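Below is one structure; the comments refer to it alone.
Computed from a predicted model, the values in this text were never measured in an experiment. Every number for a ligand or one of its atoms is a count from 1 in the order of the listing.
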Amino acid sequence: MTTFASARGKVILVGEHAVVHGAPAVAVAISRGARARAEPAERDELHIAAWGLSVSPDEESELARAFRAVLDETPGPRPVRVDLSTNLPPGAGLGCSAALGVATVRALDPDATHEVQVARAMQWERVFHGTPSGVDAEVAASGGCIFFRVGAPVERIALRAPLVLCVGDSGRASSTGAMVAAVRARPDGEREEIFGELESLAHEARAVLAQGASGLGGVLSRAHAALARLGVSTPTLDAMCRTAERAGALGAKLTGAGGGGCVVALVDGAETARSVVRAWRRDGFDGFTTRVEPRRDDAQTPSTDSHIEHIEERAS
Ligand code: PMV
């Protein structure tokens with residue numbers, strides 16, 4: 001039998017890096033993500049054709065070890081061939097590895113519970129990122145918007161209004177592990193003070209999102225300033241945030257580990273989104289718009305609607 005599965009990419013709205021050290025983060029799933037197809041084969045193998053990658057689990061590359069880590073945890077028919085594809089740029093802070101991991105886990109065992117999916121995807125993530133907080137795997141599997149803290153139950157944030165976000169790619173990949181290590185190497189006092197500020201901003205983001213998102217732009221820009229003080233921004237990411245704000249964004253920040261990767265900007269609608277993406281393109285950066293709709297199943301009033309999720313992306 002052939003099985004197909006998918007999983008979401010994400011942007012972190014507030015709390016990257018601080019989340020590794022016990023503070024909360026707010027993350028939202030985006031329309032881009034990963035797809036997996038699993039089918040019986042003569043030997044275990046995993047392919048990402050678009051990247052020219054083909055591995056078997058007894059090899060020693062990171063991808064082979066990640067595949068092995070998931071296979072070791074998964075009951076089910078073997079040998080198996082997994083084919084992966086993604087429209088997320090790797091190493092760009094959009095949760096590419098977690099989306100690939102969750103899609104793989106789901107294709108191999110479609111009946112696994114959410115908790116089991118996330119636990120298996122974490123085995124995959126550990127191969128690439130050492131000690132990830134788990135926020136990427138969680139939001140890749142759950143979709144929607146979450147308030148996440150390591151070791152605490154995940155809180156879903158019920159959006160009161162759609163979020164229109166522009167994502168701009170600096171075109172420079174970075175290593176999450178290296179950026180996390182660089183933050184760890186900073187003086188304790190300075191780091192803790194910035195983490196405290198990011199924690200307050202994560203609480204503020206949760207509150208404004210639950211009320212309609214007005215004020216979120218300022219939270220994003222303050223989060224960027226805190227991350228810059230932490231040393232994870234770059235002149236390019238700073239410039240991309242300023243460009244977005246000059247083009248009308250309500251706020252902008254780097255998203256993910258920093259050192260390269262992407263920025264995210266909040267805008268008030270499709271017209272401003274087009275202006276922001278156009279301004280980035282004029283400067284030579286790629287960008288796209290993603291619109292996140294409130295999910296009925298996150299609402300506090302129970303709903304009989306079988307609606308699962310509406311996220312659309314428009315090429316601007
Ligand atoms: O850049 P990404 O998508 O790997 O996101 C990293 C987020 C960090 O907080 C920097 C690391 C983590 O494990 O949460």
Side-chain angles (χ1 to χ4, degrees), residues 7-30 32-34 62-63 66 86-103 118-119 121-142 146-152 154 165 167-186 191-192 194-199 201-202 205 220 223-224 226-234 236-237 240 253-264 290:
R8 301 279 183 191
K10 65 90 187 55
V11 293
I12 296 179
L13 295 177
V14 188
E16 50 272 269
H17 287 291
V19 69
V20 176
H21 300 263
V26 176
V28 64
I30 61 173
R32 293 192 180 195
E62 282 188 337
L63 185 61
T86 179
N87 54 2
L88 294 165
L94 300 182
C96 181
S97 67
L100 290 170
V102 171
V118 172
M122 284 299 284
Q123 299 294 343
W124 168 286
E125 282 283 271
R126 283 189 188 103
V127 172
F128 296 104
H129 301 310
T131 51
S133 63
V135 62
D136 287 18
E138 183 61 47
V139 76
S142 66
I146 61 169
F147 184 86
F148 175 93
R149 192 194 281 268
V150 175
V154 178
L165 301 171
V167 178
D169 189 347
S170 71
R172 184 170 141 191
S174 82
S175 152
T176 301
M179 296 309 294
V180 168
V183 167
R184 217 181 280 281
R186 291 186 84 86
R191 210 180 46 206
E192 292 312 317
I194 297 171
F195 288 167
E197 186 180 339
L198 288 168
E199 170 147 15
L201 288 170
L220 298 189
H224 181 79
L227 290 166
R229 291 207 324 276
L230 198 58
V232 298
S233 190
T234 66
T236 302
L237 296 173
M240 290 178 79
K253 65 180 279 288
L254 71 87
T255 187
C262 288
V263 299
V264 60
T290 187

Item to check | Straight-line distance of His17 NE2 to Leu198 CG, nearest 0.5 Å | outcome: 10.0 Å

Next on the checklist: So, taking the atom named OG in Ser133 and the one named CD in Glu125, what distance separates them when rounded to the nearest 0.5 Å?
Outcome noted: 9.0 Å

Item to check | Residue that, paired with Leu254, satisfies side chain to side chain contact (heavy atoms under 4.5 Å, CB included) out of Leu227, Thr236, Thr234 | outcome: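 Of the listed residues Leu227, Thr236, Thr234, the side chain to side chain contact (heavy atoms under 4.5 Å, CB included) partner of Leu254 is Leu227.
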
Item to check | Qualifying residue for side chain to side chain contact (heavy atoms under 4.5 Å, CB included) with Val264, from Thr255, Ile12, Val28, Thr290 | outcome: Thr255

Next on the checklist: Restricting to non-hydrogen atoms, name the atom on Pro90 and the atom on Ala173 that form the minimum distance, rounded to 0.1 Å.
Outcome noted: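 Here Pro90 and Ala173 meet closest at O-CB, 4.2 Å.
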
Checklist entry - Quick one: do Glu138 and Lys10 make a salt bridge, cutoff under 4.0 Å? => result no

Item to check | Set of residues that line ligand 1, where lining means a heavy atom lies under 4.0 Å from it | outcome: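 Lys10, Ile12, Glu16, His17, Val19, Val20, Gly93, Gly95, Pro132, Ser133, Val135, Asp136, Thr176, Gly256, Ala257.
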
